[in-house]
Amino acid sequence: MAFLLPVLLAILVSVLGGLYLLGMFRQRRPKEPPLDKGWLPWLGHVLEFRRDTARFLMGMQRKHGDIFTVQIAGYYFTFLMDPLSFGAVVKEARSKLDFDAFARELVARVFGYHAMENEHKHLQVTSTKHLMGDGLVVMTQAMMENLQNLMLHELEIECGDKAWKQEGLFYFSYNIVFRAGYLALFGNEPIKARGSTDKAKEFDRVHSEELFHEFRKYDRLFPRLAYAVLPPKDKLEAERLKRLFWNMVSIREMRQKDNISGWITEQQQLLEENGVPEYMQDRHMFLLLWASQGNTGPSAFWLLLYLMKHHDAMEAVKKEVEKVLKETGQEVKAGGRGLINLTRDMLLQTPVLDSVVEESLRLTAAPVLIRAVLQDMTLKMADGQEYTIRKGDRVALFPYIAVQMDQEVHPEPHKFKFDRFLKPDSTKKTDFYKKGKKVKYYNMPWGAGTTICPGRFFAVNELKQFVFLMLTYFDFELLNPEEEIPPIDSSRWGFGSMQPTHDVQFKYRLRR
Ligand code: HEM
């Protein structure tokens with residue numbers, strides 16, 4: 001008996017130690033936010049969070065208020081739901097709240113890419129140079145040529161210029177914007193490799209179609225891959241696709257291309273100069289493909305759908321597009337004949353379309369922003385309340401619920417109002433209020449702070465170019481104009497632009 005006692009004690013100590021590690025004994029300390037560990041040891045609230053992040057966080061906000069800590073798969077996340085206090089997270093020093101550790105881990109799991117030190121700084125520099133300001137003039141031109149290659153060719157060949165073509169609007173928008181964006185950034189097939197411009201253009205169409213087809217397979221697996229909850233069969237498929245992309249957008253392939261954007265070449269050069277092996281550079285290309293093409297296509301779908309469902313918005317945008325074309329002496333002839341030249345400057349003359357884009361992003365872009373807590377710290381809320389946050393935890397924002405759907409900031413938040421971001425004098429509206437105070441972060445489709453999307457100006461340009469070309473070249477309408485806007489697929493909350501649960505059929509033809 002005396003011999004059994006130490007064994008039993010050892011078991012007890014291991015069980016208690018295990019439970020401690022699983023977070024069972026964590027208690028809320030004075031000045032900490034309300035703590036909600038959930039029922040499952042270690043896993044905490046992971047199932048509800050994964051099933052429907054927005055619904056889960058709304059429930060927690062109702063229960064605990066504007067700040068609370070929840071356990072999710074072994075981590076403690078403090079969610080801050082008061083938009084007036086977002087600055088405390090977004091502007092906090094990196095020595096306290098770090099974005100890098102979490103992003104590195106995700107990027108390694110999802111793309112097999114292991115990032116270098118200082119890479120983020122360089123991404124910001126190259127993006128400022130090539131995806132904003134003067135760099136955008138070049139990118140707009142490249143996007144334009146590729147959009148016209150894809151949009152006009154297929155319809156002329158398949159249907160002539162009279163017949164209607166029917167397609168899913170989500171599939172159509174994602175397909176065109178993905179392929180044109182990819183070609184504009186990653187380059188075109190050289191003419192000399194194919195013998196003529198037409199052949200090179202044809203190669204671009206076929207190759208980008210194949211890439212999109214594979215990308216969509218990966219896209220569907222992505223949320224579960226990011227949460228590391230893929231069943232074994234899908235895990236194998238994700239692994240196969242990952243390897244396929246490392247090849248399809250590899251450095252070897254890139255060396256064959258013409259018109260590669262400075263954004264891509266300069267990032268690749270940096271890796272090369274820092275001795276990153278070529279196989280790892282291939283993986284980086286895949287990461288850039290994902291970051292640059294995974295969001296804009298779905299956003300283009302919502303944008304076009306909201307316009308088609310709201311006659312007043314459509315008419316206002318049409319008027320604006322016609323005015324801009326007329327002012328530059330351009331018109332489109334029947335049957336889509338005559339390419340229009342849409343420049344960066346022209347895209348700066350469209351306040352109505354800007355408001356429509358911003359409104360549709362407010363309704364459909366829903367990233368979760370996550371920071372790792374590197375040292376014990378105090379979070380100061382706008383109302384003066386202070387909360388202590390523990391080292392090792394994570395702080396998170398989900399602006400979709402906290403601000404984009406807040407009815408005080410945006411009255412009737414579920415309604416699409418095309419002029420929500422437009423002042424009566426046709427300039428951009430930026431003053432939104434909560435509790436009588438101006439809200440700085442009133443719409444956050446791009447995230448905020450150091451990790452704000454570096455491609456946002458290019459993305460807005462792409463969306464506007466797509467709408468512009470749809471309106472100038474095509475007649476298009478919903479197959480069933482009464483059909484409701486489909487709900488958002490709740491398994492993708494947190495990853496940027498949302499996708500619909502199902503597609504919506506529409507028809508289009510070259511304008512008569
Ligand atoms: C509608 C389209 C887009 C949306 C809604 C979107 C949204 C976002 C969001 C929410 C983030 C993360 C921000 C954060 O964690 O704080 C992000 C990151 C990023 N985006 Fe975008 N994005 C779009 C298009 C683009 C495009 C067209 C490009 C490039 C050409 C791009 C390049 C990137 C890159 C490289 C990052 C990582 C930034 C980092 O590591 O700091 N995005 N985007």
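Residue numbers run from 1 in the order of the sequence given. Whatever order the structure lists ligands and atoms in, that order sets their numbers, starting from 1.
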**Q** Looking only at protein heavy atoms, identify the closest one to atom 5 (C) of ligand 1 and say how far it is in Å.
**A** S497 OG, 3.5 Å
**Q** Strictly under 6.0 Å, is that where the ring centroids of Y306 and F418 end up?
**A** no
**Q** Going by the atom numbers of ligand 1, which of them fall below 4.0 Å from some non-hydrogen atom of F458?
**A** 27 (C), 30 (C)
**Q** Please state which option from T451, L287, V368, V177 has its nearest heavy atom closest to atom 15 (O) of ligand 1.
**A**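 It is T451 whose heavy atom sits nearest to atom 15 (O) of ligand 1.
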**Q** With backbone taken as N, CA, C and O and side chain as the heavy atoms from C-beta onward, which portion of L288 lies under 4.0 Å from ligand 1: side chain, backbone, both, or neither?
**A**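 Answer for L288: neither.
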**Q** Using the ring centroid of each side chain, check whether Y182 and H207 are separated by less than 6.0 Å.
**A**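 Ring-ring flag for Y182/H207: true, centres closer than 6.0 Å.
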**Q** Please state whether E462 comes within less than 4.0 angstrom of ligand 1, counting heavy atoms only.
**A** yes
**Q** Distance only, no hydrogens: is a donor on one side chain within 3.5 Å (strictly under) of an acceptor on the other, for D345 and T343?
**A**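 Side chains of D345 and T343: no pair found under 3.5 Å.
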**Q** Using a 4.0 Å heavy-atom threshold (strictly under), name the region of S292 that reaches ligand 1: side chain, backbone, both or neither.
**A**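 Both backbone and side chain.
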**Q** Can you tell me if A103 has a non-hydrogen atom under 4.0 Å from ligand 1?
**A** no
**Q** Show which atoms of ligand 1 fall inside a sub-4.0 Å distance from at least one heavy-atom site of P367.
**A**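 Those qualifying, in numeric order: 10 (C).
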**Q** Give the numbers and elements of all ligand 1 atoms closer than 4.0 Å to a heavy atom of S299.
**A**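 Those qualifying, in numeric order: 1 (C).
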**Q** Nearest non-hydrogen atom to atom 42 (N) of ligand 1 belongs to which of G181, C453, G455?
**A**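 The option holding the nearest heavy atom is C453.
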**Q** Under 6.0 Å between ring centres: does that hold for F286 and F245?
**A** yes
**Q** Going by the atom numbers of ligand 1, which of them fall below 4.0 Å from some non-hydrogen atom of L369?
**A** 16 (O)
**Q** Would you check whether W263 reaches within less than 4.0 Å of ligand 1, judged by its heavy atoms?
**A**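 A heavy atom of W263 does come that close to ligand 1.
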**Q** Hey, is K257 close enough to E253 for a salt bridge, meaning N to O under 4.0 Å?
**A**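 A salt bridge is absent here (no side-chain N lies under 4.0 Å from a carboxylate O).
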**Q** Any Lys/Arg nitrogen of K129 or E266 sitting under 4.0 Å from an Asp/Glu carboxylate oxygen of the other?
**A**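 Between E266 and K129 there is a salt bridge, with a charged N closer than 4.0 Å to a carboxylate O.
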**Q** Do the two ring centres, one from Y171 and one from F212, sit under 6.0 Å apart?
**A** yes
**Q** Run down the list P454, G294, P445, G496 and name the one with the heavy atom closest to atom 10 (C) of ligand 1.
**A** P445
**Q** Name the closest protein heavy atom to atom 32 (C) of ligand 1, giving the residue it belongs to and the distance to 0.1 Å.
**A** A291 O, 3.8 Å
**Q** Using a strict threshold of under 4.0 Å (side-chain N to carboxylate O), is an ion pair present between D406 and K434?
**A**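 Answer for the salt bridge query: yes.
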**Q** Charged N to carboxylate O below 4.0 Å: is that the case for D282 and R252?
**A** no
**Q** In ligand 1, which numbered atoms sit nearer than 4.0 Å to a non-hydrogen atom of A459?
**A** 2 (C), 24 (C), 27 (C)
**Q** What protein heavy atom is closest to atom 9 (C) of ligand 1, reported as residue, atom name and distance in Å?
**A**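 Closest protein heavy atom to atom 9 (C) of ligand 1: W446 O, 3.9 Å.
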**Q** Against heavy atoms of H120, which atoms of ligand 1 measure under 4.0 Å?
**A** 39 (C), 40 (O), 41 (O)
**Q** Is the distance from the ring center of Y279 to that of W246 below 6.0 Å?
**A** no
**Q** Check step by step if side-chain contact (heavy atoms from CB on, under 4.5 Å) holds for N149 and R205.
**A** CA-CA 8 Å; N149 178 21; R205 289 192 298 270; 2.7 Å; yes
**Q** Under 6.0 Å between the ring centres of F79 and F398?
**A** no
**Q** Just let me know how R456 lines up against ligand 1, side chain, backbone, both or neither, with a heavy-atom cut-off below 4.0 Å.
**A** neither
**Q** Below a 4.0 angstrom heavy-atom separation, can you tell me which part of I370, side chain or backbone, both or neither, approaches ligand 1?
**A**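 For I370, no heavy atom sits under 4.0 Å from ligand 1.
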